[in-house]
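Computed from heavy atoms alone, side chains included, the values below leave out hydrogens, waters and symmetry copies.
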Amino acid sequence: MTEHDRGAEELGTLLRDRVRDFHPDLAALTASAIRAGGRIRYRRRLTVASTTLGGVAAAAVLAVQLAPTSSPSPDGFAAAPSPHPSTPAGPSRCLPPLQAQVPGPAQVGRQTPSPCPTPPAAPQTVPVTFDAPGWTCDTPADDKFTCGDGASTVLVTVRPAKFHSDYLNNSDKADPTQFVSGIHDGSFATIQLVGGNASTDHLAEYLTWN
């Protein structure tokens, strides 16, 4: 036996003599281990709960940020959003004729509005009417209108009073088939035969000043 072997045998003998009377409390060790395990599990649950609560809080913050905001009412409280939001008025569907012909920069790339319809012109009125039996007249235009009975046609014209003498005395304007009325409120009327053989002097009986 070598010196090393004898040293190891002596060390083993000393260790056995040292622990021969040592009896560990296994119940206390077991209870301590259980308590340590419980603390570890408790810490893990706290960590998981904290992580879950953090995720819920983050989701709530995101929902608040994405939610539509409402403008405050005069009393300081936020007004509830309207269930029927108003629709902004659209641009005009038509433009005046000159603007509709030349599209501006804002109209490039989209449909050009069509010209607005021209309102109908108000019918022109003249201070004289012609109402002969069997005769019908067109709508007055430029202080004149035509009337006919199917066989003859006449042109009724209202003229300024300053030309009255010329139509009575000027050979260039006087016409034997033309009737010239008297002056009424600064104007006079002429009845000129356009077609047929009706008598303008006879038709003048149906000329009435308004």
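Taking all atoms of both residues into account, the shortest heavy-atom contact from Asn210 to Val128 is ND2-N, 3.6 Å. Closest approach of Ser152 to Gly196, counting heavy atoms only: OG-CA, 3.5 Å.
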Please evaluate residues Trp209 and Ser187 with respect to the criterion side-chain contact (heavy atoms from CB on, under 4.5 Å), reporting the C-alpha separation (whole Å), side-chain torsions for both, the decisive distance (0.1 Å), and the verdict.
CA-CA 10 Å; Trp209 289 91; Ser187 60; 3.8 Å; yes
For Cys147 and Thr153: C-alpha separation, side-chain torsions, deciding distance, then whether side-chain contact (heavy atoms from CB on, under 4.5 Å) applies.
CA-CA 6 Å; Cys147 303; Thr153 303; over 6 Å; no
Could you walk me through whether Phe179 and Gln192 pass the side-chain contact (heavy atoms from CB on, under 4.5 Å) test, one step at a time?
CA-CA 6 Å; Phe179 168 80; Gln192 184 177 0; over 6 Å; no
Please assess Arg159 against Thr190 for the test side-chain contact (heavy atoms from CB on, under 4.5 Å), listing each intermediate value before the final yes or no.
CA-CA 8 Å; Arg159 306 178 187 277; Thr190 61; 3.3 Å; yes
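Enclosure of atom NZ in Lys162 is not indicated, since only 12 or fewer non-hydrogen atoms of other residues, nucleotides or ligands lie within 6.0 angstrom. The number of heavy atoms from other shown groups lying within 6.0 Å of CG (Asn170) is above 12. More than 12 heavy atoms of other residues, nucleotides or ligands sit less than 6.0 Å from atom CG of Asp175.
Atoms CG and NZ, on Asp138 and Lys144 in that order, are 13.0 Å from each other to the nearest 0.5 Å. Between the OG1 atom in Thr157 and the CG atom in Asp143 there is a gap of 8.5 Å [rounded to 0.5 Å].
Taken together through direct or relayed side-chain contacts under 4.5 Å among Ile, Leu, Val, Met, Phe, Trp and Tyr, Tyr206 and Val154 form part of one hydrophobic cluster. Connection of Leu168 to Phe163 is established within a shared hydrophobic cluster, with ILVMFWY side chains joined at heavy-atom distances below 4.5 Å, either directly or through further cluster members. Taking hydrophobic clusters as Ile, Leu, Val, Met, Phe, Trp and Tyr residues chained together by side-chain heavy-atom distances below 4.5 Å, Val126 shares a cluster with Val156. Residues Phe130 and Val158 fall within the same hydrophobic cluster, defined by Ile, Leu, Val, Met, Phe, Trp and Tyr side chains chained together at heavy-atom separations under 4.5 Å. Linking Ile, Leu, Val, Met, Phe, Trp and Tyr residues whenever their side-chain heavy atoms come within less than 4.5 Å places Phe145 and Leu193 in a single cluster.
Judged purely by distance below 3.5 Å, without hydrogens or angles, the side chains of Ser199 and Asp201 never pair a donor atom with an acceptor atom.
Thr200 contributes a side-chain N or O that, together with a main-chain N or O of Thr177, makes up a donor-acceptor pair within less than 3.5 Å. Within the 3.5 Å criterion, the main-chain N or O of Ser181 finds a donor-acceptor partner in the side chain of His164.
Shown here are the side-chain hydrogen bond (donor to acceptor under 3.5 Å, both in side chains) partners of Thr208, two or more places apart in sequence or in another chain: there are none.
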